[in-house]
**Q** 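One structure, as structure tokens, below. Some questions next.
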Amino acid sequence: MDFNKIISYYEKLESTRKRLEMIEILAQLFSECIKEENRKDFRKIIYLTQGRLVSEIDDFPTFGIAEKMVIQAISKFTGIANSNVKNLINKKGDVGEALESILKRREGKKQTYSLDTFVKETKTEKILEISRLYSELEKLSKIKGDGSQDQKINLLTGIFRLSSPQSAKFIVKIILSDLRMGIADKTILDSLSLSITGSKNNRSFIEHAYNIHPDLGYIAEKLMKEGLEGIKSITIQVGIPIRMMLASRIQYTEIQKKLGGGDFIAEYKYDGERVQVHKKGQKISLFSRRLKDITHQYPDIVECVNNQVKSENAVFEGEIVAMDAFFEKMLPFQVVSTRRRKYDIEKMKKEVPVCLYSFDLLFENDESLLNLSLNDRRKRLEKMITPSETIQFSNKKMIHNTQEMVEYFNEARKKGAEGIMNKAIGPDSVYKSGNRGFLWIKLKGLEGGKMLDTIDIVIIGGSWGKGRRKGLLSPFYGAVYNKETNMFEFFTRVGSGFSDDDLEQFTDRLKKLEIKKPPKNIICADTPDVWFQPEIIIEVMGDELTISNKSDVGASLGDPRGYSLRFPVYQRIREDKNIYQITTTQEILELFEIQNSQTL
DNA sequence: ACTGATGCGTC
DNA sequence: GTCGGAC
DNA sequence: GTCCGACGACGCATCAGT
């Protein structure tokens with residue numbers, strides 16, 4: 001099948017925001033795919049439409065190509081300077097769009113150019129077979145070692161040479177995993193259901209199969225070849241991760257009502273890394289939240305699973321948390337994240353001990369437990385595992401009312417947890433793989449964020465927005481004021497919490513404050529697209545202060561490390577303050593001390 | 001052998 | 001992880 | 001309510017350049 005044919009559907013998808021239309025368009029594409037001559041390409045087309053080469057559960061090298069590399073390739077291919085390519089990307093809000101417009105201009109058909117005229121003019125040699133494109137992309141992802149960046153750029157320019165401007169655009173978007181067509185896995189499920197079974201009503205079967213075997217290419221092919229019966233025959237396989245159940249977040253006063261109004265279970269929400277453990281006899285595998293195989297990172301956990309899990313086969317979940325040397329105190333997320341590595345595993349095993357706080361059992365021996373109630377699953381979990389320092393059960397408590405929940409929340413926070421997870425009980429409290437519903441509701445703070453205070457920062461720079469934010473300034477670079485040195489120190493970027501309207505107003509106002517170079521009283525290691533005269537002040541909220549080697553705030557105080565903010569969110573503009581009344585570096589230090597003294 | 005730029009995946 | 005917009 | 005995408009800090013891996 002010709003890739004140019006496929007992108008005609010992609011372009012239709014881009015032209016609408018209506019979900020029903022998108023489902024229809026995608027279904028038409030899939031109907032093309034299941035014609036005899038195209039069947040061999042179906043699986044590849046599914047992956048490409050997801051902006052990837054293989055499924056989520058497939059271990060395959062990533063492209064190792066992101067915006068900067070593509071800019072170089074575009075520059076090399078067209079002879080346009082890097083900075084000009086970057087400017088065009090800023091204007092278009094998308095790397096692919098920028099490339100397309102450059103290539104169209106090159107063809108000298110700026111006004112009237114269309115895919116049809118391209119195909120007509122160039123005929124057969126410009127047909128880009130899916131199999132050809134796919135194998136080129138495979139090659140691209142496999143290049144590594146010395147000189148690999150040049151080789152990648154060369155191969156990429158070679159692919160551009162095979163492509164119409166339109167297909168080049170989409171190829172770049174695929175490589176960047178950033179199709180921005182308004183469709184993702186759920187819509188693909190709808191469209192598969194519609195095009196192959198003739199009705200969207202069958203989506204639930206297909207979706208369930210996808211959740212417990214998260215490979216849309218496999219699902220699509222199986223549906224095409226074996227129909228709904230084939231799909232219904234898919235079961236959990238130990239060794240293949242299933243999509244994880246997630247939690248919603250709502251006002252804490254609404255939680256009990258949302259969980260049914262009566263009693264519910266709360267558990268500590270550990271600040272670590274979610275993991276799904278698969279035990280098949282002696283073979284243990286660990287999978288991350290996004291289903292990556294992370295077994296090699298935690299040999300200590302693997303060993304304990306072997307020793308402490310009684311059942312022959314099992315799939316269970318927990319959170320891996322970094323512990324102090326005595327396994328008494330839980331350490332912050334940043335500590336456990338040093339275990340996400342390929343080298344020095346044994347050394348780090350000793351330096352950063354971890355504990356797996358297990359909280360759910362999904363499969364035991366030959367039996368799926370997904371449809372059991374939470375209580376039943378938990379009972380089976382506690383029966384199956386003999387706890388030790390390295391594998392424990394999550395702390396849990398039966399909650400009868402909101403006040404009790406708040407007390408338990410405060411206790412959890414004192415112990416170093418991020419908050420609590422509130423979970424429905426009763427016969428409907430099944431494990432909903434791949435779902436973020438209201439059977440589980442997290443509580444991380446009684447107000448907006450986890451922090452007690454908001455922080456006022458002055459906007460010193462910004463980037464040009466991407467996608468739906470094209471032409472708008474977003475995110476913003478915010479600084480705090482160091483009153484001892486009289487400097488403004490870069491603290492955090494903020495891009496979340498703004499409405500479209502907010503961004504338009506900020507863009508208007510900030511454009512007038514644009515300056516070519518940062519003033520001398522600004523410290524900012526990073527270089528934003530645009531610098532601003534420090535004037536506009538905004539309030540931000542976050543989960544907690546973080547400390548790292550890369551931050552500018554406090555870096556002048558002797559410690560090479562500096563402070564920043566985890567999960568920053570814009571709250572409101574502060575017209576009432578001047579730039580010397582914003583949060584100071586000194587106040588950040590105090591807040592950090594308070595934050596660290598809150599846990600036992 | 002080291003540093004900085006870039007990419008990727010965790011939260 | 002957070003959030004807002006479109007349906 | 002569901003789905004999508006536009007955004008954050010941070011740590012490690014990889015590669016280019018020295």
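Note that the structure is predicted; figures quoted are calculated from it, not measured. First the proteins, then the strands, lettered A, B, ... as listed; each starts at 1.
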**Q** Looking at A:Glu273 and A:Arg289, does any basic side-chain N land under 4.0 Å from a carboxylate oxygen?
**A** no

**Q** Return the value, rounded to whole Å, for the distance between atom CZ of A:Arg469 and atom P of C:dC3.
**A** 13 Å

**Q** Would you classify A:Asn549 as touching base, sugar-phosphate or nothing, given that sugar-phosphate means primed atoms plus P, OP1 and OP2, and contacts are heavy atoms under 4.0 Å?
**A** nothing

**Q** Assign A:Gly437 to base, sugar-phosphate, or nothing according to its heavy-atom contacts below 4.0 angstrom with the strands shown.
**A** nothing

**Q** Would you please confirm or rule out a distance under 4.0 Å between OP1 or OP2 of D:dA9 and any side-chain N or O of A:Ser548?
**A** no

**Q** May I ask you to say what A:Ile65 touches in the nucleic acid, namely base, sugar-phosphate or nothing, with a heavy-atom cut-off under 4.0 Å?
**A** sugar-phosphate

**Q** Return the value, rounded to whole Å, for the distance between atom CG of A:Leu472 and atom P of D:dG5.
**A** 18 Å

**Q** Would you please confirm or rule out a distance under 4.0 Å between OP1 or OP2 of D:dA9 and any side-chain N or O of A:Arg493?
**A** yes

**Q** Send over the distance from A:Glu544 CD to D:dC10 C1', rounded to a whole Å.
**A** 12 Å

**Q** Closer than 4.0 angstrom, basic N to acidic O: yes or no for A:Glu97 and A:Lys92?
**A** no

**Q** Please examine the side chains of A:Phe63 and A:Leu137, heavy atoms only from C-beta on, and report whether any two atoms are closer than 4.5 Å.
**A** yes

**Q** Return the value, rounded to whole Å, for the distance between atom CZ of A:Arg561 and atom P of D:dC10.
**A** 12 Å

**Q** Could you check whether A:Arg180 pairs with A:Glu14 (Lys NZ or Arg NE/NH1/NH2 to Asp/Glu carboxylate O, under 4.0 Å)?
**A** no

**Q** Respond yes when some side-chain nitrogen or oxygen of A:Ser337 is under 4.0 Å from OP1 or OP2 of D:dC10, and no when none is.
**A** no

**Q** Under 4.0 Å from any heavy atom of chain A: name the first and the last nucleotide of DNA chain B that qualifies, 5' to 3'.
**A** B:dT6 to B:dC11

**Q** If we only count heavy atoms from C-beta on, is the A:Pro568 to A:Phe491 side-chain gap below 4.5 Å?
**A** no

**Q** Apply side chain to side chain contact (heavy atoms under 4.5 Å, CB included) to A:Tyr431 and A:Trp440, showing your working.
**A** CA-CA 10 Å; A:Tyr431 185 94; A:Trp440 291 3; 3.9 Å; yes

**Q** Distance check: side-chain N/O of A:Gln334 vs OP1/OP2 of D:dA9, anything under 4.0 Å?
**A** no

**Q** Looking only at side-chain N and O atoms, does A:Lys444 come under 4.0 Å of OP1 or OP2 in C:dG1?
**A** no

**Q** Using a strict cut-off of less than 4.0 Å between a Lys/Arg side-chain nitrogen and an Asp/Glu carboxylate oxygen, indicate whether A:Asp190 and A:Lys200 qualify as a salt bridge.
**A** no

**Q** With a cut-off of less than 4.0 Å, is there a side-chain N or O of A:Thr187 near OP1 or OP2 of D:dC3?
**A** no

**Q** Once you apply a heavy-atom cut-off of 4.0 Å, does A:Lys269 come out as touching a base, just sugar-phosphate, or nothing?
**A** sugar-phosphate

**Q** Considering only atom P, compute the distance from B:dT6 to C:dC3 and round it to an integer number of Å.
**A** 31 Å

**Q** On DNA chain B, check which nucleotide each of A:Met69 and A:Ile294 is closest to and give me the residue with the more 5' one.
**A** A:Met69

**Q** Can you tell me how far P of D:dG1 sits from CZ of A:Arg19, to the nearest Å?
**A** 17 Å

**Q** May I ask you to say whether A:Arg52 pairs ionically with A:Asp58, meaning some side-chain N is under 4.0 Å from a carboxylate O?
**A** no

**Q** Does A:Lys342 put a side-chain nitrogen or oxygen below 4.0 Å from OP1 or OP2 of D:dT14?
**A** yes

**Q** Would you classify A:Tyr570 as touching base, sugar-phosphate or nothing, given that sugar-phosphate means primed atoms plus P, OP1 and OP2, and contacts are heavy atoms under 4.0 Å?
**A** nothing

**Q** Just checking, is any N or O donor in the side chain of A:Thr454 or A:Gln571 under 3.5 Å from an acceptor N or O on the other one?
**A** no

**Q** Kindly indicate, with the supporting measurements, whether the criterion side chain to side chain contact (heavy atoms under 4.5 Å, CB included) is fulfilled by A:Phe60 and A:Lys142.
**A** CA-CA 9 Å; A:Phe60 195 80; A:Lys142 283 180 181 160; 3.8 Å; yes

**Q** Can you measure A:Met348 atom CE to D:dA13 atom P for me and round it to whole angstrom units?
**A** 10 Å

**Q** So what does A:Lys152 touch, heavy atoms closer than 4.0 Å: a base, only the sugar-phosphate, or nothing?
**A** nothing

**Q** Say we look at D:dC7 and B:dC11: how far apart would their P atoms be, to the nearest angstrom?
**A** 22 Å

**Q** OP1, OP2 of D:dC10 versus side-chain N and O of A:Thr546: anything below 4.0 Å?
**A** yes

**Q** Counting the atoms with a prime plus P, OP1 and OP2 as sugar-phosphate, which does A:Arg203 contact under 4.0 Å by heavy atoms, base, sugar-phosphate, or nothing?
**A** sugar-phosphate

**Q** Please state how far atom CD in A:Gln151 lies from atom C1' in D:dC15, giving the value in whole angstrom units.
**A** 12 Å

**Q** Would you classify A:Lys550 as touching base, sugar-phosphate or nothing, given that sugar-phosphate means primed atoms plus P, OP1 and OP2, and contacts are heavy atoms under 4.0 Å?
**A** base

**Q** Under 4.0 Å between a side-chain N or O of A:Arg17 and OP1 or OP2 of D:dC3?
**A** no

**Q** So that I can tick it off, tell me whether A:Glu207 and A:Arg203 are bridged by a salt bridge, with the cut-off set at under 4.0 angstrom between side-chain N and carboxylate O.
**A** yes

**Q** Can you tell if the side chain of A:Asp94 reaches within under 4.5 Å of the side chain of A:Lys173, non-hydrogen atoms only?
**A** yes

**Q** Please list, in numerical order, the residues of residues 174-185 of chain A that have a heavy atom closer than 4.0 Å to any atom of DNA chain B.
**A** none

**Q** From C:dA6, D:dC10, D:dC7, pick the nucleotide closest to the side chain of A:Arg468?
**A** C:dA6

**Q** What is the separation between atom CG on A:Leu545 and atom P on D:dG8, rounded to the nearest whole Å?
**A** 18 Å

